[in-house]
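Please read the structure below before turning to the comments.
Each ligand, and each atom within it, is numbered from 1 in the order the structure gives.
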Amino acid sequence: MGNFNEFTITDAVVERVHEAEDPRIREISEAVVRHLHALVREVRPSQEEWKFVIDFLTRTGQISDDKRQEFILLSDTLGISMLIDAINHPAGGGATETTVLGPFYVESPPEKTLGEDISAGMEGQPLYVSGSVSGGDGKPLAGAIVDVWHSDDDGHYDVQQLDAIGGLAMRARFRADEAGRFHFWTIKPAAYPIPHDGPVGDMLKAQGRHPWRPAHVHFMIDAPEHERLVTHVFVAGDPYLDSDAVFGVKDSLIREFPEHLAGTAPDGRRMDQPYSHLHYDFQLESKPAAKG
Ligand code: BEZ
Ligand code: FE
């Protein structure tokens, strides 16, 4: 039957997806149709406005490639990445809270030994990072894999300036020691704007929003029989903590990065200039099968 009107067309489309073999596909397809139709009925776009939406999504796809993922930026800036994070990692239970992965993680980062400097000669204030990894029961997770990555003191990641700096920097993979501890040297990261020279940047501007993220260090931590932890530690006092462009800040992830005068650092290294220190003790959640 045809002759659909503004209201009957929704049921007609929903009915059409009833034959989907996979029940999850059917459930999601129905919800997509119902919610998109309700949205359109609510905002009542003109034909020109709908064309603008199609153009916006087309540009979002066209600017994306293996180095830039504009759809992830769109998901991040619309709060969808953090909504999915909240659904899959509800707060409580004692495990370290999670936040967005972001687009600057590099698979199989350079493996370094504990205590190494990962700054690759980048300029900035030295930062000593120390911490530990334990399970939900508080027992140290010996040998946990700790991936770290962060921006330079100008707010750029290595992958945004590979030609200028000649290779990866400010990122590494460590293996925690027998007591689940790790430590390394790097430089203190700065706040930075997310890439905003594409459609997502246009959207932020039109919405009267800034593109900035508060300064942070990313961590991805894995240990057998535990859920992977994807998180950041934010620098206390950063002016963008309350208005992160991707809504990724959680109070439990904010730490002071206290500055120390030149002298002997906690690992015995003799520092001839001031340095900052970040310490964070991470707690991983047990995988369901291993719980109990
Ligand atoms: C990041 O923290 O690296 C990031 C997260 C979301 C969007 C852009 C960058
Ligand atoms: Fe980041």
Can you name the closest pair of heavy atoms from [X] and [Y] and give their distance?
X: R209; Y: Q207; value: NH1-OE1, 2.9 Å
X: I187; Y: S119; value: CG2-CB, 4.0 Å
X: P195; Y: Q160; value: CG-NE2, 4.5 Å

Has the side chain of [X] got a donor or acceptor atom that lies under 3.5 Å from a matching backbone atom of [Y]?
X: H218; Y: H216; result: no
X: S151; Y: A190; result: yes
X: D154; Y: H156; result: no
X: Q283; Y: T96; result: no

Q.
Check this for me: does any side-chain nitrogen of one of R24 and E27 sit under 4.0 Å from a carboxylate oxygen of the other?
A.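 Here R24 pairs with E27 in a salt bridge, since their nearest N and O are under 4.0 Å apart.
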Q) Charged N to carboxylate O under 4.0 angstrom, K51 versus D55? A)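 D55 and K51: salt-bridged.
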Atoms of ligand 1 less than 4.0 Å from [X] heavy atoms?
X: L73; answer: 7 (C), 8 (C)
X: F104; answer: 3 (O), 9 (C)
X: G102; answer: 4 (C), 5 (C), 6 (C)

Nearest protein heavy atom to [atom], by residue and atom, and its distance?
atom: atom 3 (O) of ligand 1; answer: Y192 OH, 2.7 Å
atom: atom 7 (C) of ligand 1; answer: D76 OD2, 3.3 Å
atom: atom 9 (C) of ligand 1; answer: P103 CD, 3.2 Å

(Q) Restricting to under 2.8 Å, identify the protein N, O or S atoms around the Fe ion (ligand 2) as residue plus atom. (A)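 Sorted hits: Y157 OH, Y192 OH, H216 NE2, H218 NE2.
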(Q) What I want to know is whether H218 and ligand 1 share at least one N or O pair that is separated by under 3.5 angstrom. (A)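 Yes; at least one N/O pair falls below 3.5 Å.
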Q) Is Y157 in contact with ligand 1, taking contact as a heavy-atom separation below 4.0 Å? A)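 It does, in that a heavy atom of Y157 comes within the 4.0 Å cut-off of ligand 1.
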Q: Would you mind reporting whether V129 and F174 have side-chain heavy atoms less than 4.5 Å apart?
A: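 No. Closest side-chain heavy atoms not under 4.5 Å.
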